[in-house]
Amino acid sequence: MTEFRIPFNRPTYLGSETEYIADSLSTSHISGDGRYSRRCHEFLERSLGVERAFLTTSCTHALEMAALLLDIQPGDEVIVPSFTFVSSINAFVLRGAKPVFADIRPDTLNLDERELPRLITEKTRAIVLVHYAGVACEMDAIMAIARQHGIAVVEDSAHALFSKYKGRHLSTFGELATLSFHETKNFTCGEGGALLINDDSLIERAEIIREKGTNRGRFFRGQVDKYTWVDLGSSYLPSDMLAAYLWAQFERASEIQERRREIWEYYDERLAGWASAYDVQLPTVPDYCEQSYHMYYMVLPSFNARTALIQHLKDNGILSVFHYLPLNMSDMGRRYGGKAGDCPVAETVADRLLRLPFFYALTPSELDEVANAIGAFEMRD
């Protein structure tokens with residue numbers, strides 16, 4: 001079966017996206033940093049309490065900007081969890097950095113902060129965190145270690161817009177943070193991202209890097225009479241039409257988040273008994289964390305059990321998927337010294353984790369179908 005009655009994802013679409021795109025077209029300004037881009041920037045800054053927000057063409061590009069802002073040089077080391085998407089580290093490797101892979105916690109699947117002391121060297125320049133599934137890393141411990149060693153922290157918050165740690169928004173702890181608006185995320189414009197800046201000394205340079213290394217922003221503000229090439233940079237601005245699509249969803253952010261909370265809690269309640277009977281791990285959310293309801297996953301007892309459940313759901317017209325393969329075991333990871341056994345928790349979780357259909361438009365009847373199909377699965381491994 002190639003067509004699924006219940007796909008893994010349907011991009012969020014509320015209806016006003018096309019209206020706002022048409023409005024953007026009517027202004028004759030469809031390139032970057034138009035009216036809708038400014039609205040998105042202001043929304044993120046106000047909602048999260050960050051110094052500055054800049055929309056980018058992807059979360060990957062936001063991470064590339066972070067690497068440039070931190071002046072990552074060949075030979076520098078950057079610590080990253082092995083269980084993440086390649087963009088989390090690729091942006092820094094592009095500047096010549098050596099990746100240092102950290103294992104993850106067995107409960108939240110976030111970078112294990114207890115790994116950091118043994119991984120830090122005199123060459124460590126940054127720690128890249130990933131708040132997996134929108135649940136916070138242990139920020140008190142991580143920030144204390146980073147400050148002790150004078151190391152920058154970059155929060156990859158691709159899953160974690162509006163998540164909190166001990167009452168404080170994620171993306172406000174590290175010097176820099178990044179967001180994703182890919183079609184699988186809570187809020188989307190198809191492809192897109194944002195760089196969030198908490199260190200105001202980096203704001204002006206971030207603007208320059210984002211504008212192809214020019215001081216074009218200062219020119220438009222009347223601060224210089226012409227603009228020119230002043231730094232490294234690239235074209236990281238998304239079209240204002242994409243920002244218009246995104247703004248339609250930011251306007252109804254509370255509604256989107258509330259529906260996603262309902263879906264997450266439905267799965268968690270309906271699957272609890274089945275999971276307990278078969279020793280299946282469901283998501284862990286510490287009491288002091290407020291999650292973004294980005295995904296719902298299960299960690300099965302074995303690779304074979306996961307494979308069988310994926311097939312069982314496919315047979316019922318439901319698409320479920322696994323997630324990351326450990327970076328330390330990838331072809332590129334091995335080129336940087338990674339090998340099997342370096343990150344044992346990440347390696348076993350990667351073989352057993354399964355993500356369920358999760359999107360804003362998922363209907364109650366579809367949710368019932370998924371839960372009923374899982375409940376009917378008898379694990380034999």
* Structure fact -> CD (Glu17) and CD (Glu251) are apart, to the nearest 0.5 Å, by 10.0 Å
* Asked: Is it true that a side-chain atom of Thr124 and a backbone atom of Thr121 form a donor plus acceptor pair closer than 3.5 Å?
  -> yes
* Would you call the rings of His41 and Phe54 parallel, tilted or perpendicular, where under 30° means parallel and over 60° means perpendicular? -> perpendicular
* Under 3.5 Å, side chain of Glu51 to main-chain N/O of Ile203, donor-acceptor pair present? -> no
* Charged tip of Arg39 within 45° of Tyr36 ring normal and under 6.0 Å -> yes
* Determine, step by step, whether Tyr360 and Arg252 satisfy the side chain to side chain contact (heavy atoms under 4.5 Å, CB included) criterion, reporting the C-alpha distance in whole Å, the side-chain angles of both residues, the deciding distance to 0.1 Å, and the verdict. => CA-CA 12 Å; Tyr360 171 78; Arg252 293 167 64 180; 4.2 Å; yes
* Structure fact -> Heavy-atom closest pair (Tyr324 atom, Phe83 atom, distance to 0.1 Å) is O-CE1, 3.3 Å
* Asked: Pick one: which of Asn90, Val128, Val93 meets side chain to side chain contact (heavy atoms under 4.5 Å, CB included) with Pro99?
  -> Val93
* **Modelled atom types, side-chain donor and acceptor of Asp199 and Ser201, under 3.5 Å** => yes
* **Single-linkage hydrophobic cluster, 4.5 Å side-chain cutoff, Leu25 and Tyr245 together** => yes
* Asked: Quick one: CZ on Phe181 to SG on Cys40, what's the gap to the nearest 0.5 Å?
  -> 7.5 Å
* **Nearest-0.5 Å distance that lies between atom CZ in Arg118 and atom CD1 in Ile120** => 11.5 Å
* **Whether Trp274 side chain and Ile374 backbone form a donor-acceptor pair below 3.5 Å** => yes
* Counting only heavy atoms not in Leu319, do more than 12 fall under 6.0 Å of its CG? -> yes
* Heavy-atom closest contact (Cys137 atom, Asn110 atom, distance) -> N-ND2, 3.5 Å
* Asked: Taking the six-membered ring for Trp, are Phe322 and Phe303 ring centroids under 6.0 Å apart?
  -> no
* Please check if the side chain of Ser163 supplies one atom and the backbone of Gly134 the other of a donor-acceptor pair under 3.5 Å. => yes
* With side chains defined as the heavy atoms from C-beta onward, is the minimum distance between Met143 and Arg147 less than 4.5 Å? -> yes
* Between Tyr165 and Tyr288, is the ring centre distance below 6.0 Å? -> yes
* Judged by modelled atom types alone, do Asp240 and Ser37 share a side-chain donor-acceptor pair under 3.5 Å? -> yes
* List the steps, then state whether side chain to side chain contact (heavy atoms under 4.5 Å, CB included) holds for Leu109 with Tyr297. => CA-CA 11 Å; Leu109 311 188; Tyr297 65 85; 3.7 Å; yes
* Any salt bridge between Arg216 and Asp33, counting N to O under 4.0 Å? -> no
* Enclosure of Glu262 CD (heavy-atom neighbours >12, cutoff 6.0 Å) -> yes
* Side-chain contact, heavy-atom cut-off 4.5 Å: Leu161 with Phe250? -> yes
* Is any side-chain heavy atom of Leu176 less than 4.5 Å from a side-chain heavy atom of Ile197? -> yes
* Would you mind checking if Glu207 and Arg210 are paired as a salt bridge, meaning a charged N to carboxylate O distance below 4.0 Å? => no
* To do: Would you mind reporting whether Leu14 and Ile256 have side-chain heavy atoms less than 4.5 Å apart?
  => yes
* Asked: Cluster question for you: counting only ILVMFWY and a side-chain heavy-atom cut-off of under 4.5 Å, with indirect links fine, are Met298 and Tyr267 together?
  -> yes
* Under 3.5 Å, is there a donor-acceptor pair between the Asn186 and Tyr293 side chains? -> no
* Check: Thr363 side chain, Glu366 main-chain N or O, donor-acceptor pair, under 3.5 Å -> yes
* Asked: Is there a side chain to side chain contact (heavy atoms under 4.5 Å, CB included) between Asp23 and Arg35 once you walk through the steps?
  -> CA-CA 10 Å; Asp23 182 55; Arg35 179 174 58 186; 2.3 Å; yes
* Just by distance, do the side chain of Ser180 and the backbone of Cys59 share a donor-acceptor pair under 3.5 Å? -> no
* Do Met139 and Arg168 touch side chain to side chain, with heavy atoms closer than 4.5 Å? -> no
* Check: Glu175 side chain, Val153 main-chain N or O, donor-acceptor pair, under 3.5 Å -> yes
* Asked: Should Val154 and Leu327 be regarded as members of a common hydrophobic cluster, given that ILVMFWY residues are connected when their side-chain heavy atoms come within less than 4.5 Å of each other, either directly or indirectly?
  -> yes
* Taking His294 for the side chain and Ala133 for the main chain, is one N or O donor matched with an acceptor at less than 3.5 Å? -> no
* Tell me whether Leu63 is reachable from Ile79 by hopping between hydrophobic residues (I, L, V, M, F, W, Y) whose side-chain heavy atoms are closer than 4.5 Å. => no
* Asked: For Tyr227 and Glu211, what are the C-alpha separation, side-chain angles and deciding distance, and is it a side chain to side chain donor-acceptor pair (under 3.5 Å)?
  -> CA-CA 11 Å; Tyr227 69 91; Glu211 276 281 15; over 6 Å; no
* **Ion pair check, Asp368 and Arg270, cut-off under 4.0 Å** => yes
* Out of curiosity, Ser157 OG to His169 NE2, how far, rounded to the nearest 0.5 Å? -> 11.5 Å
* Would a 4.5 Å heavy-atom cut-off, applied to side chains only, mark Ser171 and Leu179 as touching? -> yes
* Does the ring centre of Phe187 sit less than 6.0 Å away from the ring centre of Phe43? -> no
* Asked: Transitively linked via ILVMFWY side-chain contacts under 4.5 Å: Val50 with Leu202?
  -> no
* To do: Answer yes or no: are there more than 12 heavy-atom neighbours, outside Glu269 itself, under 6.0 Å from its atom CD?
  => no
* Give a yes/no verdict on a cation-pi contact between Lys98 and Tyr336, requiring under 6.0 Å between NZ or CZ and the six-membered ring centre and an angle within 45° of the axis. => no
* Between CZ of Phe85 and CG of Asp156, what distance do you get to the nearest 0.5 Å? -> 10.5 Å
* Asked: Does Arg205 reach the side chain of Leu69, with side-chain heavy atoms less than 4.5 Å apart?
  -> yes
* Asked: Is the number of heavy atoms from other residues, nucleotides or ligands under 6.0 Å of Lys123 NZ greater than 12?
  -> no
* Are Asn328 and Glu347 linked by a side-chain donor-acceptor pair shorter than 3.5 Å? -> yes
* To do: Show the numbers, then the answer: is there a side chain to side chain donor-acceptor pair (under 3.5 Å) between His29 and Thr27?
  => CA-CA 5 Å; His29 185 142; Thr27 68; over 6 Å; no
* To do: Answer yes if the ring centres of Tyr132 and His323 are under 6.0 angstrom apart, and no otherwise.
  => yes
* Asked: Tell me, do Leu48 and Phe162 make a side-chain contact under 4.5 Å, heavy atoms counted?
  -> yes
* Nearest-0.5 Å distance that lies between atom CD in Glu183 and atom CG in Asn9 -> 6.0 Å
* To do: Just do the side chain to side chain contact (heavy atoms under 4.5 Å, CB included) check on Arg95 and Leu232 with the steps written out, would you?
  => CA-CA 12 Å; Arg95 306 304 310 157; Leu232 295 175; 3.6 Å; yes
* To do: Kindly say whether Val299 contributes a backbone atom to a donor-acceptor pair with the side chain of Arg306 at under 3.5 angstrom?
  => no
* To do: May I ask you to decide whether Arg105 forms a salt bridge with Glu113, counting only side-chain N to carboxylate O separations under 4.0 Å?
  => yes
* To do: Please check if the side chain of Asp112 supplies one atom and the backbone of Ala102 the other of a donor-acceptor pair under 3.5 Å.
  => no
